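Worksheet for the structure shown next.
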Amino acid sequence: GDPKLESFGLQVARQHQPGRSPGWAKLHAVSPEIPGAVNVEWNTSTGTLVCRVVTKGRSRAGPLVGALVNYLLSRYPRRVRTITIVPRR
């Protein structure tokens with residue numbers, strides 16, 4: 001529900017629906033040149049935001065991850081304690 005999300009090049013594609021797992025959303029880049037999606041889930045018991053980037057084919061995740069990290073550090077600098085990126089090969 002953040003109105004400034006699009007100014008960071010991201011938009012909500014889907015979000016939490018009643019009856020589904022709480023605290024999740026799917027983000028896409030506003031620009032069609034940045035393919036892929038970010039699946040976001042908030043774990044209330046641990047206070048952890050878990051984000052999984054999904055791309056198709058040989059698309060690179062870097063621009064999408066960069067937009068997400070830029071958004072998080074710009075909008076919530078005091079709430080972010082650490083960012084861990086685990087590449088999957």
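Small disclaimer: the values here were computed from a predicted structure and weren't measured.
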Do you know the tightest heavy-atom contact between [X] and [Y]?
{"X": "Leu10", "Y": "Leu68", "result": "CD1-CA, 3.9 Å"}
{"X": "Leu64", "Y": "Ile34", "result": "N-CG2, 3.9 Å"}
{"X": "Ala37", "Y": "His28", "result": "CB-CE1, 3.7 Å"}
{"X": "Ala61", "Y": "Thr55", "result": "CA-CG2, 4.1 Å"}

- request: Show your reasoning for whether side-chain contact (heavy atoms from CB on, under 4.5 Å) applies to Leu5 and Leu27.
  value: CA-CA 10 Å; Leu5 184 65; Leu27 304 175; 4.0 Å; yes

Quick check for you: to the nearest 0.5 Å, what is the distance between Glu33 atom CD and Ser59 atom OG?
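Spacing of CD (Glu33) from OG (Ser59) equals 12.0 Å.
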
(request) Supply the atom-to-atom distance Glu41 CD to Lys26 NZ, rounded to the nearest 0.5 angstrom. (result)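 Those atoms lie 12.0 Å apart.
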
Is there a continuous path of hydrophobic side-chain contacts, each under 4.5 Å between heavy atoms, that joins [X] to [Y]?
{"X": "Trp24", "Y": "Val54", "value": "no"}
{"X": "Val69", "Y": "Val30", "value": "no"}
{"X": "Val80", "Y": "Leu49", "value": "yes"}

side-chain contact (heavy atoms from CB on, under 4.5 Å) between Asn39 and Val50, worked out:
CA-CA 8 Å; Asn39 297 323; Val50 178; over 6 Å; no

| message | Could you check whether any side-chain N or O of Ser74 sits under 3.5 Å from a backbone N or O of Tyr71, counting only pairs where one atom can act as donor and the other as acceptor? | response |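 No; zero donor-acceptor contacts below 3.5 Å.
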
Practice task
Under the salt bridge (charged side-chain N to carboxylate O under 4.0 Å, His left out) rule, collect the residues that match up with Arg75, sequence neighbours excluded.
Solution key: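 So Arg75 forms a salt bridge (charged side-chain N to carboxylate O under 4.0 Å, His left out) with Asp2.
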
Does anything in residues 53-69 form a salt bridge (charged side-chain N to carboxylate O under 4.0 Å, His left out)? List the pairs, not counting sequence neighbours.
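Salt bridge (charged side-chain N to carboxylate O under 4.0 Å, His left out) check on residues 53-69 returns no pairs.
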
